[in-house]
Amino acid sequence: MDKIYQRKNLAVAREKVKRNRGAGGIDGVDVAAFEADLEGNLERLHVELKEGTYAPQPVLQHLIPKAGKPGECRALGIPTIYDRVCQQAILNRLEPIFEPIFDDANFGYRSGRSTKDALKKIWRELKSLHPVVYVSLRLFKNLVGWVLVLAGILMLVLPGQGILTIIMGLVLSDFPGKYALERRLASKQRVLDGINWIRRRSGHPPLVPPQI
């Protein structure tokens with residue numbers, strides 16, 4: 001615990017918080033205001049942690065509208081700058097201790113790791129399986145792809161996003177000329193309208209049609 005409240009560690013934590021910037025919390029103190037009385041704030045935090053009197057303040061709730069969902073919001077909790085410095089000081093000391101003993105398959109809330117890294121690891125693990133298992137999985141993936149293609153063809157004459165279902169099936173399938181066919185389909189205005197509708201719903205910019 002004494003390593004957490006060392007002034008040097010608090011100073012390093014403050015520098016990281018300053019670099020990350022961000023809004024102030026419920027006390028209305030932003031980074032600039034915290035810096036205006038830097039020595040006083042760090043000394044107070046040092047004493048509170050050392051004497052065990054530190055108590056975090058409530059987080060400030062900030063509602064962020066969900067893209068493509070009018071009237072719906074997700075809540076974001078914003079701690080005070082003072083509390084963020086404390087949190088970073090704890091992380092500075094605990095991360096080097098626990099990071100080396102985490103399993104290589106753990107990706108959640110770890111520095112330098114993302115969901116994309118997790119998916120890449122899954123794919124590497126699949127490739128390392130017995131050839132029979134690997135081929136079976138590939139065949140299953142292609143089967144699902146062609147089922148989606150057939151479902152999309154049926155949906156073309158029924159209400160629904162049939163053409164998008166076809167594209168999903170093609171993405172999962174492997175066959176010669178696949179990418180050329182995908183580019184040609186994506187250049188069709190009807191398909192492009194459907195793709196861009198999905199992208200707008202998820203808050204992404206419209207797709208620029210490929211050059212054929």
Original post:
Which distance, rounded to the nearest 0.5 Å, do you find between the CZ of Arg14 and the CZ of Arg19?
Top reply: 10.0 Å
Original post:
To the nearest 0.5 Å, what is the distance between CD1 (Ile4) and CD (Gln88)?
Top reply: 12.0 Å
**OP:** Look only at the side chain of Arg113 and the backbone of Ala118, and say whether a donor-acceptor pair between them is shorter than 3.5 Å.
**Re:** no
Subject >> Same cluster (ILVMFWY, side-chain, under 4.5 Å), Ile78 and Ile64 >> reply: yes
Subject >> Derivation of the side-chain contact (heavy atoms from CB on, under 4.5 Å) call for Leu76 and Gln61 >> reply: CA-CA 6 Å; Leu76 176 68; Gln61 185 184 67; over 6 Å; no
Original post:
Does a donor on one side chain and an acceptor on the other come within less than 3.5 Å for Gln87 and Asp83?
Top reply: no
**OP:** Of all the heavy-atom pairs spanning Cys86 and Leu49, show the shortest one and how long it is.
**Re:** SG-CD2, 3.9 Å
Original post:
With distance as the sole test, does His46 use its side chain to make a donor-acceptor pair with the main-chain N or O of Tyr5 at under 3.5 Å?
Top reply: yes
Original post:
Roughly how far apart are Lys18 NZ and Arg84 CZ, rounded to 0.5 Å?
Top reply: 14.0 Å
Original post:
Would Val59 end up clustered with Tyr54 when hydrophobic side chains under 4.5 Å apart are linked, directly or stepwise?
Top reply: no
Original post:
Do the side chains of Val85 and Leu42 get nearer than 4.5 Å, heavy atoms only?
Top reply: yes
Original post:
Any side-chain heavy atom of Lys120 sitting closer than 4.5 Å to one from Ile122?
Top reply: no
Original post:
To the nearest 0.5 Å, how far apart are OG1 in Thr80 and CD in Gln57?
Top reply: 5.0 Å
Original post:
CZ of Phe34 to CG of Asp27: how many Å apart, nearest 0.5 Å?
Top reply: 10.0 Å
Subject >> For the student: nearest non-hydrogen atoms of Ala13 and Ala89, plus distance >> reply: CB-N, 3.5 Å
Subject >> Ion pair Glu39/Arg44, N-O distance below 4.0 Å >> reply: no
**OP:** Please confirm whether the backbone N or O of Ser114 pairs with a side-chain atom of Asp117, one donor and one acceptor, at under 3.5 Å?
**Re:** yes
**OP:** Group every Ile, Leu, Val, Met, Phe, Trp and Tyr by side-chain heavy-atom contacts under 4.5 Å, then state whether Leu91 and Ile97 land in the same group.
**Re:** no
Subject >> N/O donor-acceptor pair under 3.5 Å between Asp30 side chain and Ala23 backbone >> reply: no
Subject >> Gap between atom CD1 of Ile81 and atom CG of Asn41 - 0.5 Å precision >> reply: 10.5 Å
Original post:
Would Glu48 and Tyr82 count as having a side-chain donor-acceptor pair, cut-off 3.5 Å?
Top reply: yes
Original post:
Should Lys3 and Asn92 be marked as a side chain to side chain donor-acceptor pair (under 3.5 Å) after you check the CA-CA gap, both sets of side-chain angles, and the distance that decides it?
Top reply: CA-CA 10 Å; Lys3 290 182 172 60; Asn92 289 349; over 6 Å; no
Original post:
Leu45 and Leu10: which non-hydrogen atoms are nearest, and at how many Å?
Top reply: CD2-CD2, 3.9 Å
